[in-house]
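Single-structure report; data block below.
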Amino acid sequence: MPRSITDEEKQNALDLLQRARAAMKAVEHYDQAAVDRLSQAIGWATANEHTFVELTRMGVEESDMGSMEGGPTRRFKIVGILRDALRQKTVGILEEFPELGIVKYAKPAGVIAGVLPVTNPVCTMVCMAIHAVKCRDAVIFSPHPMSRRTALETVRILRAALKKQGAPEDLLQCVEKPSIPLAQEVMAICDLTIATGGQAMVKAAYGSGKPAYGVGAGNATMLIDETADIEAAARNTRISKTHNNGSGCSCDGNLLVEASIYERFLEQLQKEGGYLASEEEKNRLATVMWDAEGHRTLETIARSAAKIAARAGFTIPPDKTFIIVKEDSIGKKYPFSGEKLSPVLAIFKYSGFENALRMIEQIFEVGGKGHSCGIFSFDDRRIHQLAMMAPVGRIMVRQPQVRGNAGSFDNGMPMTSSLGCGTWGGNITSENIAVKHFLNVTWVSRTIPEDRPSEQEIFGEFYRSETF
């Protein structure tokens with residue numbers, strides 16, 4: 001049970017809100033060119049390779065989560081989000097539909113409470129900042145205590161970039177002494193919350209009394225059928241599973257592999273750097289990765305495969321970057337079928353595509369419903385079958401899940417750092433949270449020639465039929 005908020009924290013939240021509203025007032029006259037320029041300025045200030053790598057290093061060292069490996073390339077998310085943002089209108093007239101007599105006007109959503117995850121504070125903050133500035137919103141960021149210093153340094157850089165362009169720094173602010181009560185107060189007084197964090201904080205956002213976009217838990221499941229390119233599928237699995245020590249909710253969690261290619265695929269995974277755990281090692285992993293109540297243990301989240309293995313009492317070779325666990329059972333009693341948030345991967349064998357679909361359904365009842373899944377197949381009929389039944393917001397076809405579902409330069413998904421999971425995952429949207437979610441829209445309607453079909457056309461065969 002969290003403690004009550006102090007008077008000092010309440011006043012702190014109010015001060016942040018007042019400063020944010022004043023900053024929004026100062027930019028309400030900015031045109032599209034002005035907000036685009038500001039978005040580019042804050043994007044470059046943080047996404048240049050030197051700064052991004054330093055901020056990433058700071059975050060890893062402060063939280064002891066995630067990894068520096070691939071740090072220079074991970075900034076692509078900021079570049080991609082800025083690309084998408086610059087291609088959209090957010091000031092004045094958004095769209096016109098003369099045939100409908102409709103004109104849409106863009107307006108700021110307001111002051112946003114930005115809840116940040118401990119495992120990815122830098123990218124999430126910058127991406128949210130770009131979207132907000134693009135829409136003339138202000139953001140009050142609420143970081144996790146374990147990544148507080150990193151968040152404060154990131155917002156310092158963002159504010160410096162705003163100041164250099166003559167814009168009010170208070171468009172972007174950060175809580176200096178984060179706590180659960182203060183985060184809840186910020187969410188309660190802001191106009192909108194965007195919560196990219198743990199499920200407890202997302203639930204708090206929905207209970208704040210204000211509108212909120214939350215994200216759902218991940219448990220990405222990948223289906224590999226006999227038509228798959230085994231080498232490509234194994235390579236993409238490794239890319240996704242090892243990204244930032246498997247900390248992302250998009251990282252592959254489970255593989256369903258067709259029986260006829262199972263052994264070959266398992267062998268290829270090991271060539272890609274996977275370590276196949278023995279049954280005894282699997283049991284040891286379960287003991288250290290979940291507590292007695294079935295919750296993931298903090299000290300094994302977003303840690304390297306070697307560290308997790310060591311905590312479980314065994315060692316893996318230095319060239320092994322992720323751990324593979326054979327599993328044949330699905331359900332709440334079998335934790336490896338749930339979200340792992342680490343470079344640990346469960347692999348299942350299936351026979352018959354219909355059985356694979358049933359297994360996916362069962363896995364999402366354990367966790368991750370609404371988030372994402374993927375398929376390595378060249379059979380479009382099967383891809384369609386999966387799309388028709390999977391309770392997820394996004395399905396990646398023959399690509400690394402972690403690089404695909406939040407947007408990539410070689411797919412058409414909107415670039416984002418926040419993934420809505422729809423009503424399946426307890427969220428209001430199943431979309432990738434992007435520019436449009438940071439806007440209010442005013443519809444202006446003019447009359448058009450009457451569009452009124454006859455009742456017979458509307459009711460079809462039921463027109464003038466028996467009534468009850």
Side-chain angles (χ1 to χ4, degrees), residues 43 46-47 51-82 114-132 139 141-155 157-158 174 178 183 194-202 205 213-220 239-253 296 298 301-304 339-343 371-372 400-408 415-421 432-434:
T46 47
T51 302
F52 184 81
V53 168
E54 286 306 306
L55 288 173
T56 301
R57 187 188 314 282
M58 186 176 183
V60 170
E61 291 176 353
E62 181 181 10
S63 67
D64 194 31
M65 291 183 173
S67 110
M68 276 303 301
E69 187 178 347
T73 61
R74 289 209 298 265
R75 64 195 185 98
F76 87 93
K77 185 64 67 182
I78 298 173
V79 177
I81 282 176
L82 185 56
V115 180
L116 304 175
V118 62
T119 53
N120 194 17
V122 178
C123 190
T124 304
M125 176 184 278
V126 177
C127 294
M128 208 180 295
I130 289 171
H131 285 145
V139 188
F141 293 105
S142 180
H144 191 284
M146 288 177 63
S147 56
R148 166 185 167 273
R149 288 189 296 105
T150 305
L152 288 172
E153 176 60 12
T154 305
V155 85
I157 294 169
L158 291 167
C174 187
I194 297 181
T196 306
Q199 290 305 292
M201 192 55 72
V202 171
Y213 289 113
V215 299
N219 189 26
I239 290 170
S240 191
K241 185 71 265 187
T242 60
H243 179 84
N244 206 22
N245 280 345
S247 61
C249 52
S250 296
C251 294
D252 295 4
R296 285 288 285 108
L298 187 62
I301 291 175
R303 268 55 174 204
S304 69
E339 188 176 36
K340 290 166 276 293
L341 296 172
S342 67
H371 201 285
S372 53
Q401 186 73 238
V402 75
R403 289 187 184 174
N405 62 17
S408 173
M415 290 274 195
T416 188
S417 57
S418 303
L419 299 167
C421 295
N432 289 10
I433 306 301

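Rounded to the nearest 0.5 angstrom, Ser147 OG and Asp64 CG are separated by 13.0 Å. Note that SG of Cys174 is 6.5 Å distant from CG of Leu116, once rounded to the nearest 0.5 Å. Atom-to-atom distance recorded for Leu55:CG and Glu153:CD is 6.0 Å, nearest 0.5 angstrom. From Arg148, atom CZ reaches atom OG of Ser142 across 12.0 Å, with rounding to the nearest 0.5 Å. Remark: Ser408 OG to Arg403 CZ distance equals 8.0 Å, nearest 0.5 Å. To the nearest 0.5 Å, atom CZ of residue Arg303 and atom OG of residue Ser67 are 12.5 Å apart.
The minimum heavy-atom distance linking His243 with Arg74 is given by the pair CE1-CD, 3.1 Å. Heavy atoms only, all atoms of each residue included: Val402 and Cys251 are closest at CG2-SG, 3.8 Å. Closest heavy-atom contact between Ser304 and Pro343: C-CG, 3.9 Å. The nearest pair of heavy atoms linking Val118 to Ser63 is CG2-CB, 4.1 Å.
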Quiz prompt | Derivation and outcome, side-chain contact (heavy atoms from CB on, under 4.5 Å), residues Val60 and Met65 | solution = CA-CA 5 Å; Val60 170; Met65 291 183 173; over 6 Å; no
Quiz prompt | side-chain hydrogen bond (donor to acceptor under 3.5 Å, both in side chains) evaluation trace for Thr46 with Thr51 | solution = CA-CA 6 Å; Thr46 47; Thr51 302; over 6 Å; no
Self-check item: Test log, rule side-chain contact (heavy atoms from CB on, under 4.5 Å), inputs His371 and Leu419
Solution: CA-CA 7 Å; His371 201 285; Leu419 299 167; 3.4 Å; yes
Quiz prompt | CA sep, side-chain torsions, deciding dist, call: Thr150, Glu62, side-chain hydrogen bond (donor to acceptor under 3.5 Å, both in side chains) | solution = CA-CA 7 Å; Thr150 305; Glu62 181 181 10; 2.6 Å; yes
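Side-chain polar atoms of Asn405 and Ser250 form a donor-acceptor pair below 3.5 angstrom. Residues Thr196 and Ser418 have side chains that bring a donor and an acceptor to within less than 3.5 angstrom of each other. A donor atom on one side chain and an acceptor atom on the other are found under 3.5 Å apart for Ser240 and Asp252.
Around atom CD of Glu69, no more than 12 heavy atoms belonging to other residues, nucleotides or ligands sit under 6.0 Å away.
With Leu341 as reference, Ile301 is the one residue of Ile301, Thr119, Asn245 to meet the side-chain contact (heavy atoms from CB on, under 4.5 Å) rule.
The side-chain heavy atoms of Leu298 and Met146, taken from C-beta on, include a pair separated by under 4.5 Å. Put simply, the side chain of Thr56 reaches to within 4.5 Å of the side chain of Met68, judged on heavy atoms. Contact check for Pro121 versus Thr154: no side-chain heavy atoms found under the 4.5 Å cut-off. Side-chain contact between Pro117 and Thr124 is present, with at least one heavy-atom pair separated by less than 4.5 Å. For the pair Cys127/Lys77, a side-chain contact is recorded, criterion being any heavy-atom separation below 4.5 Å from C-beta on. Arg296 places none of its side-chain heavy atoms less than 4.5 Å from the side chain of Glu339. Taking 4.5 Å as the limit, some side-chain heavy atom of Leu158 sits within range of a side-chain heavy atom of Met125. At least one side-chain heavy atom of Ile194 sits under 4.5 Å from a side-chain heavy atom of Met128.
Without hydrogens or angle criteria, Arg75 side chain to Phe52 main chain gives no donor-acceptor distance under 3.5 Å.
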